2 protein chains.
Amino acid sequence: MGDTGAQTPRERYRAQVQAEIKERAWEQIATAGVPALSLNAVAKQMGMSGPALYRYFAGRDELITELVRDAYRSLADTFRAASDTGADLAGLAHALRDWALADPQRYFLIYGTPVPGYHAPEDTAGLADQIMTTLLDACTALAEDRPATAFSTHLEGDRHWAEGHPAPPTALHRALTFWTRLHGVLSLELAGHFTGMGFDPALLFAAELDDLLSPRA
Amino acid sequence: MGDTGAQTPRERYRAQVQAEIKERAWEQIATAGVPALSLNAVAKQMGMSGPALYRYFAGRDELITELVRDAYRSLADTFRAASDTGADLAGLAHALRDWALADPQRYFLIYGTPVPGYHAPEDTAGLADQIMTTLLDACTALAEDRPATAFSTHLEGDRHWAEGHPAPPTALHRALTFWTRLHGVLSLELAGHFTGMGFDPALLFAAELDDLLSPRA
DNA sequence: AGGTTCCGTTAGAAGCTATCACGAAACCCC
DNA sequence: GGGGTTTCGTGATAGCTTCTAACGGAACCT
C-alpha cells in the first residue's frame, strides 16, 4: 500500500507491525462493529500482551482514526481508479456500491453514525474533497445542460465547495443528489432495513441511478 | 407516556424509576452517543449505586433495546399525528426532518450504523410497518397515476410489504424513494458531512422533496 | 565493542458490565 | 395494626476494558 520503501530495518518492522495491527482491527470491526474493537483482543491475537500496542498507536481512538483515514483513502482510490479507466457516473455508482458491499462496516466508518464529540482529522477533508472532485468531474463530463434549480442558484452564492472546482452549480447539484440518493439506498440496505420486504435492493439502487441519469425537465 | 394507570404503588414507583433511567440514558446518548452510555454513570447521576439498575433492566443491551423501541414509537406517533392532522407527503417530510433534528442520536438509533450481531426485537417491526403504512397512505392519497417503472413491476412479485397494504406498486416505489432520498440527505446532514461546504442543508432537503412531489415522466 | 534507542513485558490504577449475598424497607394480607 | 413476603438498594467480587509506569533485554548505529 503505502511507501514502505528504503528505510531502516527498524522502520520496516514498525510499519509491518502497524499494518498487522490494523488488519486485525479491520477483522474485528467487520465481524462485530466498531464498538467491539478491543486493543487487548488485537494484541492477544498477535501473540503479544496488551500494552505493547501503545508503542504503535497512542490509544484506541488514534487507531480508529487511522482506520477512518484508510477507509477514506480506499474509497478515494477506488473512485479515482474507476474514473481513470473511463467510468462515467453509472460506473462510479457501481464502484461505490461494490466498495460498500465488500465491507459494510468500512462504509459505516465513514458515513455511519457520528460520535458527537469526535471530529475527523484534517487530512480526511482532503480525501473527501478528492472523492467529491472525481464525482464533480463525472458530472461536468456529461455536459448536458440542466435547468437551474432553486437549489443550484443557492449554490451560486459562496462556492467554497471542493476547493473551487470549476463546475457549474447545476453539476454540483447533481453531484450532491448523486451522493445523497445513493447513500440513502446503500446505507438502509447495509443496515438491513430492507430485509423481509421482499424486493431486491440492487434493483432499487439501479432505479435511483437511472433516475439520476435520465435527462428531464 | 405509556399507561401508568391504576396500579399498585410498587408498580407506580417502578415505572417511574424506569422512566428516569431512560431519561438519563437519553441525555447521555444525546451528548456523547450510544457507545458512551454507561449504566454506572446513569446510576450515579440518580444517586444510587451501579448494580441497582439491574433491578429495572437486565443489562445495558436491554436498556438500549428499550430506547430503540421508544425511538420507533416516537417516530411512528409523530407520523401518525401528522397524518391525522391532514398532512400530505410534504407534511410528513417536514415532520420527519423536525423529528430528526430534535435529537439526531435518536434518529441514528433507528437508522444509524447497525451492530452486526444485534437484531431489533420483534415488535419494532410492527412500528416500522406502521411508519411505512402512513407513508404508503400518503402516497396513494396522491392518486396521481405514475407510469410503471422497471422497479415497480419488480415490486409486483411477492408483495409482502407492509402487511399487504392495498397500494399500487408505483405508490410503494414512491414511498421507498421518499424514504431513501430523505434519509440520504438527513443522515449526511446530521452526521456533519455538509459542514464547510457552504450551502444550507434545509434547501437541499427541500429540493429533494420538490423532486419527489413533482409529477413527471 | 559501547552506548543509545526502541521494544515488549509485568504491575497497577481506574473504569465498565454483571452477579451474588445480605440487610432493610415497603407492601399485602389477615 | 402486626407478620410474612416481596422487592429494593447496598457492598463485595469477578472479569473485562483502556491506559500509565517502570523495568529488562534486544536490536541498532557509530
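All of these numbers come straight from a predicted model, not from anything done at the bench. The chains referred to below are lettered A, B, ... by the order of the sequence lines, with proteins before strands, and numbering in each begins at 1.
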Any salt bridge between R73(A) and D70(A), counting N to O under 4.0 Å?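 Between D70(A) and R73(A) there is a salt bridge, with a charged N closer than 4.0 Å to a carboxylate O.
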Does E66(B) come within less than 4.0 Å of R69(B), counting only side-chain N to carboxylate O?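 A salt bridge is present here (some side-chain N lies under 4.0 Å from a carboxylate O).
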Looking at S49(B), I'd like to know whether one of its side-chain N or O atoms comes within less than 4.0 Å of OP1 or OP2 on dG9(D).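 For dG9(D), neither OP1 nor OP2 has a side-chain N or O of S49(B) closer than 4.0 Å.
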Between T8(A) and dC28(D), is there a contact of a side-chain N or O with OP1 or OP2 at under 4.0 Å?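 So the side chain of T8(A) is outside the cut-off, no N or O lying under 4.0 Å from OP1 or OP2 of dC28(D).
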Given [options], the nucleotide with the shortest approach to the side chain of [X]:
X      : options                   : result
Y54(A) : dA18(C), dG8(C), dC19(D)  : dC19(D)
S38(B) : dT19(C), dT17(C), dT18(D) : dT17(C)
Y13(A) : dT10(D), dC7(C), dT20(D)  : dC7(C)

Rounded distance in Å - [atom1] ([X]) to [atom2] ([N]):
X      : N       : atom1 : atom2 : answer
M48(A) : dG24(D) : CE    : C1'   : 18 Å
Q45(B) : dG15(C) : CD    : C1'   : 16 Å
L39(A) : dT20(D) : CG    : P     : 11 Å
Y56(B) : dT19(C) : OH    : C1'   : 18 Å
Q16(B) : dA26(C) : CD    : C1'   : 15 Å
Q7(A)  : dC29(D) : CD    : P     : 12 Å
L53(B) : dA18(C) : CG    : P     : 11 Å
M46(A) : dC7(C)  : CE    : P     : 13 Å

Mind checking F57(A) for me? I need base, sugar-phosphate or nothing, with any heavy atom below 4.0 Å counting as a touch.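 No contact.
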If you look at every strand shown and take non-hydrogen atoms under 4.0 Å, does R60(A) touch a base, only sugar-phosphate, or nothing?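 Contact class for R60(A): sugar-phosphate only.
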With distance as the sole test, does R106(B) use its side chain to make a donor-acceptor pair with the main-chain N or O of Y72(B) at under 3.5 Å?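 Such a contact is absent between R106(B) side chain and Y72(B) backbone.
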Between the base of dT5(C) and the side chain of R10(A), is there any donor-acceptor pair under 3.5 Å?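 Counting by modelled atom types and ignoring angles, a donor-acceptor contact under 3.5 Å is found here.
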Map R14(B) and P51(B) onto DNA chain D by nearest heavy atom, then report which one ends up closer to the 5' terminus.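 Mapping each residue to its closest nucleotide by heavy atoms, the 5'-most match is R14(B).
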Specify the residue among N40(B) and R55(A) whose closest nucleotide of DNA chain C lies further upstream toward the 5′ end.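 With N40(B) and R55(A) compared, the 5'-side residue is R55(A).
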With a 3.5 Å cut-off and no angle check, do the side chains of T65(B) and Y118(B) form a donor-acceptor pair?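 Present: a donor and an acceptor within the cut-off.
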Just by distance, with hydrogens left out, do D129(B) and H165(B) show a side-chain donor and acceptor under 3.5 Å apart?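 No, no side-chain donor-acceptor pair sits under 3.5 Å.
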